[in-house]
Amino acid sequence: MAAEQQNEMKIPQMEENKENSIDGSLGLEILQIIKDSQQQHGLRHGDYQRYRGYCSRRLRRLRKTLGFKMGNRHKFTGKKVTVELLSDNRHLLLVLMEAERAWSYAMQLKQEANTEPRKRFHLLARLRKAAKHGEQLEKLCESHRVDAKTKLEAQAYTAYLNGMVQFELQEWKSAMEAFNKCKTIYEKLASAFTEEQAVLYHQRVEEISPNIRYCAYNIGDQNAINDLMQMRLSAGGGGGMMAEKLEALITQTRAKQAAVMSEVEWRGRTVPVKIDKARIFLLGLADNEAAIIQVYKLTHSQLFLCVVLTMIKVTFALPVKQRERAAEGADSGKVSNLQYLHSYLTYIKLWTVVRRNESMAHALQAKLKEPQTDENKRGPRPQDLIRLYDIILQSLAELSSLQGLEEDHTFQKEVALKTLVYKAYRCFYIAQSYVLVKKWSEALVLYERVLKYTREVQSKAKSFNNSLKDLPDVQELIAEVSAEKYSLQAAAILVILKSIPLSDRLDNFRLDPTLLSKQPNLVQFPPDFQPIPCKPLFFDLALNHVAFPPLDDKVEQKGKGGITGYFRGFFGFGS
């Protein structure tokens, strides 16, 4: 907290010291100051309470520095900044911070009013207070001591605060006039400066534009809803306060359109749509398709939020009990309308998953071809793409088993054709993973399998001209596989040649940089074992077949000596 307050002390001094113009007039970069303060003190994370505390602390420092105290600790004495007291640009900054403090408190109450509706009255009071301070700032800037740029910024800031007040009061016409005035001033300021200086003004105009469109729609401009939807797809709506109103408006519009929507046609069959939530979903399908078209401009998380989560919610269209009743009442030859509608919604969900994963694979392919600058950082690998194509193939397998489409031979052939294309790509990246571990024979076999799949696709695609428009180009894959096969063969030969030591290839000249390295391959060490003659071993095999003569007569016969012989031996006699 102490470090944050030290930073607060440094930033205002830099801003306040640089605002005086060269000709001696007073100047204040209003938009630059509030944007920097908001980004550095909580609004980057939507913490309006923190920003409000910062504004209060800054006001206290400014009053102490200027000697502009509101009485003493015992008594409050109101004091306003007037034109006569205007001798320093910090007087303008003082009024600006009062407006910002009231505005931040109003935005804090705006967040809390979602659960406590009574706080909306306090919210309106604080917004009016902020607008009042903005008008005071505008009057001070009318002085001849203030430069022209500060005057224009003060007018735009006041118009913005007044527009916010009227917007909350749902006075659409007055709010639209105030926002248009603010937008016009910032556009003129942007045109008067260089591109680098005008970036901040252009950003402010983009923030205000959704509010203007929203007001125009509520006044009666039906074309404004299309502009609002495009803004939501490209930039996520108006952000914060505007986002909730925009989502509510779009939902309300779709609900009105759903009241007149009664049926949908898919693959030559018209199906009535009697479920309101299913109607609203189908009406929003065009917006989801537009989001998919902009998939390369959106991050994966944004695409997941705006498309996939919406598609997964199709389960609301058919409650379990209704599906069971439809299955019981359906005849064996043709599925019921309710079940066919369920198949259609499931098709939308699965095909969106296919397109989403295909777009992610496209992005990973581009990263895979880029050179890796940081060796410590893990980059994309072929295994990542294999996983994505597994999900795609699983979704296609579910598509082919949808109820009501078993007899649709055209649909089944289209799914089979798409399956072959993605199988070829999956097989290609499996081969790439084998190349990384230098398993050349396995990779070569897989490359041949890729060419087999692509030939089947080319032979079957002649009758389906429109089926490949959303699929990757197999011709590029064929060219890439051919190049990889040649490089694979060359790499295998080089590995074999590198494994042969110099002593075994003295008759073949080849530049080998490894000979100058710390571990040159000169001779094979340890050498291979070689067969050598060993010392013979002789075995007397005839010994077992020889009959030796008896030697009984040669053996000494010992007689029986008795006790006399014993004593003779004991005393040494008879030996």
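All heavy atoms count here, side chains included; hydrogens, waters and symmetry mates do not.
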### Task
Tell me, with the steps shown, if Q166 and L127 meet side-chain contact (heavy atoms from CB on, under 4.5 Å).
CA-CA 10 Å; Q166 300 301 322; L127 270 181; over 6 Å; no

#### Entry: Check against side-chain contact (heavy atoms from CB on, under 4.5 Å), L137 and Y157
CA-CA 9 Å; L137 177 64; Y157 182 69; 4.3 Å; yes

### Query
Do Y54 and R58 pass the side-chain hydrogen bond (donor to acceptor under 3.5 Å, both in side chains) test, and can you show the C-alpha distance, the side-chain angles, and the key distance before you say yes or no?
CA-CA 6 Å; Y54 162 75; R58 191 166 182 181; 2.7 Å; yes

### Message
Checking L92 against L86 for the side-chain contact (heavy atoms from CB on, under 4.5 Å) test, could you report, in this order, the C-alpha distance in whole Å, the side-chain angles of both residues, the deciding distance, and whether it holds?
### Response
CA-CA 8 Å; L92 299 176; L86 197 60; 3.8 Å; yes

### Task
Let me see the working for I478 and Q475 under side-chain contact (heavy atoms from CB on, under 4.5 Å), right down to the final yes or no.
CA-CA 5 Å; I478 293 173; Q475 196 63 38; 4.3 Å; yes

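Under the 4.0 Å criterion applied to side-chain N and carboxylate O atoms, E207 and K35 are assigned as salt-bridge partners. E98 and K129 are not joined by a salt bridge, as no carboxylate oxygen comes within less than 4.0 angstrom of a charged side-chain nitrogen. Between R90 and D88 there is a salt bridge, since a side-chain N of the basic residue sits under 4.0 Å from a carboxylate O of the acidic one. Taking 4.0 Å as the cut-off between side-chain N and carboxylate O, K418 and E358 do not count as a salt-bridged pair. A salt bridge is defined here as a Lys NZ or Arg NE, NH1 or NH2 lying under 4.0 Å from an Asp or Glu carboxylate O, and E138 with K151 fails to meet this definition.
Listed by first then second residue, pairs satisfying ring pair (Phe, Tyr, Trp, His ring centres under 6.0 Å) with a partner in residues 89-143 read Y48-W103, Y105-H122, not counting sequence neighbours.
A donor-acceptor pair under 3.5 Å is absent between the side-chain atoms of R126 and the main chain of R101, judged by distance alone. A distance-only check finds a donor-acceptor pair linking the side chain of T150 to the backbone of L28 [under 3.5 Å]. At least one donor-acceptor pair under 3.5 Å links the side chain of Q111 to the backbone N or O of G46. At least one donor-acceptor pair closer than 3.5 Å links the side chain of S487 to the backbone N or O of A483. In terms of modelled atom types and a separation under 3.5 Å, the side chain of N162 and the main chain of T158 share a donor-acceptor contact.
Proximity of L62 to F68: side-chain heavy atoms (C-beta onward) are nowhere separated by under 4.5 Å. Between K110 and K119 the shortest side-chain heavy-atom distance does not fall below 4.5 Å. With a 4.5 Å cut-off on side-chain heavy atoms, L124 and L169 count as touching. Between V205 and Y201, every side-chain heavy-atom pair lies at or beyond the 4.5 Å cut-off. Using a 4.5 Å cut-off on side-chain heavy atoms (C-beta onward), D147 and L26 make no contact. The shortest distance between side-chain heavy atoms of Q432 and E484 falls below 4.5 Å.
Summarising the geometry of L31 relative to I34, their closest heavy-atom pair is O-CG1, 3.3 Å, with the distance given to 0.1 Å. Here the closest non-hydrogen pair linking A424 and L477 is CB-CD2, 3.8 Å. The nearest pair of heavy atoms linking L399 to W351 is CD1-CE3, 4.4 Å. The two atoms that bring S433 and I386 nearest to each other are OG-CD1, 4.2 Å, heavy atoms only. Pairing each heavy atom of G134 with each of A99, the nearest pair is N-CB, 4.2 Å. Contact detail for A131 and L161: the closest heavy-atom pair is CA-CB, 4.0 Å.
Considering only residues two or more places apart in sequence or on other chains, Q365 meets the side chain to side chain contact (heavy atoms under 4.5 Å, CB included) condition with A361, L385, Y389, Y425, Y429. Looking at residues two or more places apart in sequence or on another chain, you find a side chain to side chain contact (heavy atoms under 4.5 Å, CB included) between V199 and Q203. Scanning for salt bridge (charged side-chain N to carboxylate O under 4.0 Å, His left out) contacts around D47 gives an empty result, with sequence neighbours left out. For K139, there are no salt bridge (charged side-chain N to carboxylate O under 4.0 Å, His left out) partners at least two apart in sequence or on another chain.
The distance from atom CG of N114 to atom CG of L109, rounded to the nearest 0.5 Å, is 11.5 Å. Atoms CG and CG, from L94 and L85 in turn, are 11.0 Å apart once rounded to the nearest 0.5 Å. Taking CH2 from W172 and CD1 from I212, the interatomic distance works out to 13.5 Å, rounded to the nearest 0.5 Å. Note that CG of L364 is 12.5 Å distant from NZ of K369, once rounded to the nearest 0.5 Å. K149 contributes atom NZ, which lies 10.0 Å from atom CD1 of I30 (distance to the nearest 0.5 angstrom). Here the CD-OG1 distance, from E112 to T115, works out to 7.5 Å after rounding to the nearest 0.5 Å.
When only modelled atom types and interatomic distance are considered, R426 and Y422 share no side-chain donor-acceptor pair under 3.5 Å. Counting only N and O atoms by type, the side chains of Q38 and E100 include a donor and acceptor under 3.5 Å apart. Counting only N and O atoms by type, the side chains of Q40 and D36 include no donor and acceptor under 3.5 Å apart.
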Show every donor-acceptor pair shorter than 3.5 Å between a side-chain atom in residues 174-190 and any protein atom, with sequence neighbours excluded, or say none if there are none.
{"residue": "N180", "atom": "ND2", "partner": "M176", "partner atom": "O", "Å": "3.1"}
{"residue": "T184", "atom": "OG1", "partner": "N180", "partner atom": "O", "Å": "2.7"}

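With a 6.0 Å radius and a threshold of 12 heavy atoms from other residues, nucleotides or ligands, Q49 has its CD atom at or below the threshold.
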